[in-house]
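Single-structure report; data block below.
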Amino acid sequence: MPSLPTASFLLLMSALTLRAAPANAFLRPGLNLNGQWRQIVDPYDTGFYDYRMHAYDEAAQPSGGFFLDQRPLAETDLIEYSFDASPTLAVPGDWNSQEERLFYYEGTVWYRRQFDYTPSSSNSRLFLCFGAANYEADVYLNGHKLGHHVGGFTPFSFEATAVLKPKGNSLVVRVNNQRHRDGVPTVMTDWWNYGGLTRDVRLVEAPATFIADNAIHLASGTRDHIAIRVRLDGARPVQKVTVTIPELSLTAGTTTGPDGVALLDLAAPGIALWSPEHPKLYTVSVAAETDGLTDDIGFRTIEVRGHEILLNGQPVFLRGICVHEENPLRGGRAYSLADASQLLGWARDLNCNFLRLAHYPHNEHMARLADKLGLLLWEEIPVYWAVAWDNPDTLANARAQLSELIGRDQNRASVIIWSVANETPVSEARTRFLRTLIDDARTLDGTRLVSAAMEVRTDPADSAHKIVDDPLGEFTDLQSFNEYVGWYDGMPEKINRVRWTIARDKPVIISEFGADAVQGMHASASTRFSEEFQEEVYRQTLPMLDKIPQFRGCTPWILCDFRSPRRVLPKIQDGWNRKGLIGENGLKKKAFEVLKAYYADHLRPPEAAAPPPPKQP
Ligand code: GCU
């Protein structure tokens, strides 16, 4: 009965050369390293390269690198930096919103944190775990290079067992947020390029052989069997593994193979399924002989059938909104549980049951809180606009980000869609690139829908005739696309003249529509940037979308105003994209009420009762 594809999955995992790290790192014992870290702003990367642009650590010439943290080799040595004498930055947090002088800064900042730690056992393995660091990070402990990570929005860990000391550890991290043409994302985005150690940092202690991966969800095609994959990492890969759900007095056991992998199938008669109406989570324990994990997990199925998106076998309409990982009230990268509850709280005020976390993986608090609150999620990697499709390193980078995201959130019931891209120009190279990502997503996790925010074509003969025939749509589960009729494309009066030709008979999700409005600016409905203009766009767009037969939901752009370096109109934008339904001041705009009322009409009847679990054969 196990439904998890092992061979192709393990093949892909090894191809992706992901580092072994303890699963559920931030739920494990260890040391929280958040707080004030010393910082050195290094625009010329003096601490990384010598004047010949040779990287110090590559040349293993430990004379000049800042990572040495000031241990003079000899009295006479010339040291031209001092962490002890340097100011601090808060971690987690972006540097741009912490210091005026760093608001626009793109470059290198060196972070240093000193700490003591005595492992609880001499056999333990120790990992430095980062929730994220934008964009590149080089990590050093006590002068030793532990590793390098690329990608600003996914977790990564480096093993520190060999170099950690009980006292006086010096952890130095070089973070660089410069944009690159061959990067993911590439150089042009419509969001602020917040740099820094933007999420939690933790020293994690794990047994010599630990659980490196565990995927737990309903076996595909069933709603009463749980499929479990466990992978151990360490010197003792062959171990007894037991999975228990105490509340259901369910338990199952097996033994891992020589590759440390075990597959289990757990019959779960009478299990209550997770849904927005009933976000039921079960405490699940996975115990190996040397390691154990406990997590709160919901069980639900998500699939498409014809025009329908089926949640636990029932049609669902996705009442959504897009959101950036930013706390507008503080004006910086969101990272905390409080930030997540702020943003998800606003979405619930809007009668949403769904959010598109744009355009990159958000912090783990979002998915874990969405599990609890009963909100469905679309998660995405920042393959955004025109990335370097023919560059194999760019593809490898995107694949690594996707697998790091799936590895982190695969057990979150709230996550129903993996999105591999946003608004990418159609070309063969692009479609080939994105197909690889779609295949990876299906191999790494065959239990969710896969899609992308695709583009719309306009009939040259009739600008009100919109055509959705992106070739990528052949390989996605949804026809999801962005449309801006009434803002980038004509005025609001054009909206109800629009007619659609949609090539494929799949559920349609409008992944973006909207218009800018300054909160508090009132004028006629044809005055751009007024609340009335934005309200009119919503008033016209929603009934227009209702005419699309396979329309099954939308995520308008966007929950709240957000910072963007592309938005420079004085006294109107001032560095903010104003398409939020909530202003940067937290105040709602008129269009908020239009969407809220529209969603009130789409509440699932009865929102209260979830379908009874299926009868046992
Ligand atoms: C695009 C894009 C968003 C952007 C929005 C806008 O569609 O996906 O990232 O912010 O439109 O122009 O406001």
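Keep in mind that the numbers below use all heavy atoms, side chains included, and drop hydrogens, waters and symmetry copies. Ligands are counted one by one from 1 in listed order, and the atoms in each one are counted from 1 as well.
- Neither side chain, Thr501 nor Lys466, offers a donor N or O lying under 3.5 Å from an acceptor on the other.
- Checking only distances, His324 never comes within under 3.5 Å of ligand 1, N or O to N or O.
- Taking the centre of each ring, Phe481 and Trp500 come in below the 6.0 Å mark.
- Neither the backbone nor the side chain of Trp487 has a heavy atom within less than 4.0 Å of ligand 1.
- For atom 6 (C) of ligand 1, the closest non-hydrogen atom on the protein side is Tyr488 OH, 3.3 Å.
- In terms of protein heavy atoms, atom 7 (O) of ligand 1 is closest to Glu423 OE2, 2.4 Å.
- The ring of Phe533 has its center closer than 6.0 angstrom to the ring center of Trp487.
- Defined by atom type and a distance below 3.5 Å, a donor-acceptor pair is present between the side-chain atoms of Gln519 and Asn585.
- Within ligand 1, counting atoms from 1 as listed, the ones closer than 4.0 Å to a heavy atom of His359 are 3 (C), 8 (O), 9 (O).
- Not one N or O of Trp385 is nearer than 3.5 Å to an N or O of ligand 1, by distance alone.
- At a heavy-atom cutoff of 4.0 Å, ligand 1 is contacted by no atom of Thr189, backbone or side chain.
- Under 4.0 angstrom from ligand 1, the non-hydrogen atoms of Arg567 all belong to its side chain.
- The residue from Tyr104, Phe103, Tyr105 that alone fulfils the ring pair (Phe, Tyr, Trp, His ring centres under 6.0 Å) condition with Trp95 is Tyr105.
- Aromatic pair His324/Trp576: centroids not less than 6.0 angstrom apart.
- Summary of contacts: the protein heavy atom closest to atom 8 (O) of ligand 1 is Glu512 OE2, 2.7 Å.
- When non-hydrogen atoms are compared, ligand 1 lies under 4.0 Å from the side chain of Asn422 (C-beta onward) but not from its backbone.
- Interatomic distance, CG of Asn353 versus CG of Leu377, reported as 10.5 Å (0.5 Å rounding).
- Closest protein heavy atom to atom 10 (O) of ligand 1: Asp190 OD2, 2.5 Å.
- By the criterion of a heavy-atom distance under 4.0 Å, the side chain of Tyr384, and not its backbone, is placed next to ligand 1.
- When only modelled atom types and interatomic distance are considered, Asp371 and Ser414 share a side-chain donor-acceptor pair under 3.5 Å.
- At least one heavy atom of Phe562 sits under 4.0 Å from some atom of ligand 1.
- Using bins of under 30°, 30° to 60° and over 60° for the plane-to-plane angle, the ring pair Tyr135/His180 lands in the tilted bin.
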